[in-house]
Each structure stands twice: as C-alpha cells, then as structure tokens.
Amino acid sequence: MPEPVANICEYCRMPQSAHVLTFPVDHIIARQHGGETVLENLALSCVRYNSDKGPNSAGIAPQSQILTRLFHPRDDRWDDHFTLDGALIHGITSIGRTTVELLQMNHQDYVTLRASLIFGRQVPTNFGVALTRLSLAPSSKRDKPSNRLPTSSRTYLTFAHSS
C-alpha cells in the first residue's frame with residue numbers, strides 16, 4: 001500500500017506550494033459510505049478535486065459508459081492509471097479516464113498551473129513528466145484555450161516569481 005506523500009496532491013501530484021489554499025484531507029471512501037477516518041482512507045487533495053469528487057467513489061467511464069471506481073491513492077499506482085502529456089493528465093485505464101473526467105483534472109486553471117510548474121522545472125521527481133513536452137491544448141470542449149490569464153492569475157504570478 002503506497003504511503004501518503006507529504007505536501008503533494010495524491011490525485012494529480014501537484015505540490016501544495018503551488019496553491020494558495022491548503023490541501024484538504026480527502027476521505028477516499030466518504031464517511032457517508034462507511035469510510036473511516038484512518039490513514040489508509042485519507043489522502044491530500046487539491047481543493048478543486050476534493051470538491052468535484054465529493055462523496056463519489058465511482059463515476060461513469062467516458063468511453064464505455066459503465067460505472068467505474070475512481071483512482072484509489074492507497075491501493076493503486078498513479079503510473080498504472082495516468083500519463084502526463086505536457087501539462088495534460090490522460091487516463092490510460094478506465095479507472096484513470098473516469099477519475100480524470102469526474103475530478104476535471106484538465107480544467108484550464110490546473111493545466112495552466114501544471115504548465116507553469118513544468119516550465120519552471122518546479123516539478124517533484126515523482127511527478128512522472130517529460131519536461132520537454134509542454135502542451136497547453138485543452139482536453140475537451142469544456143476546457144477552451146484562452147490567451148488570457150485565468151481569473152485567479154495572482155496565484156500563478158506569485159508562484160512564478162518565487163524561488
């Protein structure tokens with residue numbers, strides 16, 4: 001069983017230092033579904049992912065339209081379910097694709113933040129990224145490209161100027 005990684009979102013592997021808000025502790029299996037407040041059922045999560053995930057432990061797989069469990073940071077290996085192409089996270093299994101879709105892991109704000117981390121070489125060694133392949137292409141119609149900084153651009157500007 002993988003151990004928790006301090007100060008890293010256990011769903012997308014972005015560092016806490018890149019965010020303004022402190023990561024909440026996610027119940028991987030929600031308490032309302034019988035999940036306990038024990039280390040094996042807790043994971044650090046980006047605020048957006050925690051909110052999008054809610055009490056869900058499964059979702060409808062985008063390709064098969066079948067109910068599929070979500071990525072479990074304690075039972076699953078990240079590299080078995082996801083790949084990073086530039087700043088985009090792609091699910092390589094049904095579990096990965098369902099998690100990417102439900103958690104909106106390629107939301108434009110997070111793709112922009114991820115790109116700034118990659119470009120600035122501020123990526124943890126276990127991020128699993130090829131730093132030479134930077135892509136800001138949107139993953140879906142919902143994530144339209146934009147030449148403007150995201151609404152919360154202060155976050156990115158602050159991070160970009162820190163060392």
Checklist line | Residues forming a salt bridge (Lys or Arg N to Asp or Glu O under 4.0 Å) with R48, sequence neighbours excluded | finding: D109

Notebook entry, point to check: Short question: side chain of Q16, backbone of F23 - any donor-acceptor pair under 3.5 Å?
Noted result: yes

Item checked: Gap between atom CD1 of I28 and atom CG of L42 - 0.5 Å precision -> 7.0 Å

Notebook entry, point to check: From L103 CG over to C9 SG, what is the distance, rounded to the nearest 0.5 angstrom?
Noted result: 8.0 Å

Margin query: Run the side chain to side chain contact (heavy atoms under 4.5 Å, CB included) test on F82 and V100 for me, step by step, so that the C-alpha distance in whole Å, both residues' side-chain angles and the decisive distance to 0.1 Å come before the verdict.
Written below: CA-CA 9 Å; F82 306 100; V100 167; 3.7 Å; yes

Item checked: Side-chain heavy-atom pair Y49, Q104 within 4.5 angstrom cut-off -> no

Next item on the list: Might you point out which heavy atoms bring R97 and G91 nearest each other, and give the distance in Å?
Entry: CG-O, 3.2 Å

Next item on the list: Working to the nearest 0.5 Å, report the span between CG of L70 and OH of Y11.
Entry: 7.5 Å

Check: What residue pairs, at least two apart or across chains, pass salt bridge (charged side-chain N to carboxylate O under 4.0 Å, His left out) with a residue in residues 18-33?
Finding: D26-K53

Notebook entry, point to check: Any chance CD of E36 has more than 12 other-residue heavy atoms, nucleotides or ligands included, within less than 6.0 Å?
Noted result: no

Next item on the list: Given side chain to side chain contact (heavy atoms under 4.5 Å, CB included), test V111 with L88 step by step and report yes or no.
Entry: CA-CA 6 Å; V111 170; L88 296 173; 3.6 Å; yes

Notebook entry, point to check: Of all residues at least two apart in sequence or in a different chain, which pass the side-chain hydrogen bond (donor to acceptor under 3.5 Å, both in side chains) check with H72?
Noted result: none

Notebook entry, point to check: How far does CD of E10 sit from CH2 of W78, to the nearest 0.5 angstrom?
Noted result: 13.0 Å

Notebook entry, point to check: Does H19 have its ring centroid less than 6.0 Å away from the ring centroid of Y110?
Noted result: yes

Notebook entry, point to check: Salt bridge between D76 and R69, side-chain N to carboxylate O under 4.0 Å?
Noted result: yes

Check: Can you list the steps and then say if I60 with L67 is a side chain to side chain contact (heavy atoms under 4.5 Å, CB included)?
Finding: CA-CA 5 Å; I60 303 297; L67 186 65; 4.2 Å; yes

Checklist line | Heavy-atom closest contact (I118 atom, G86 atom, distance) | finding: CD1-O, 3.1 Å

Notebook entry, point to check: Could you give the distance from CG (N106) to CZ (R114), rounded to the nearest 0.5 Å?
Noted result: 5.5 Å

Notebook entry, point to check: Are any of the side-chain heavy atoms of T99 and M105 separated by less than 4.5 Å?
Noted result: yes

Next item on the list: Determine the minimum heavy-atom distance between H81 and F71, stating which atoms define it.
Entry: CD2-CD1, 4.1 Å

Checklist line | S17 (side chain) donor-acceptor with P15 (main chain) under 3.5 angstrom | finding: no

Notebook entry, point to check: At what distance, to the nearest 0.5 angstrom, does OG of S45 lie from CE of M14?
Noted result: 10.0 Å

Next item on the list: Identify the heavy atoms of I89 and C12 that sit nearest to each other, and give their distance.
Entry: CD1-CB, 3.8 Å

Notebook entry, point to check: Closest heavy-atom contact between V47 and L21?
Noted result: CG2-CB, 3.8 Å

Item checked: Least distance between heavy atoms, S57 atom then I29 atom -> CB-CD1, 3.9 Å

Check: Distance-only, no hydrogens or angles: does the Q65 side chain make a donor-acceptor pair with backbone N or O of P62 under 3.5 Å?
Finding: yes

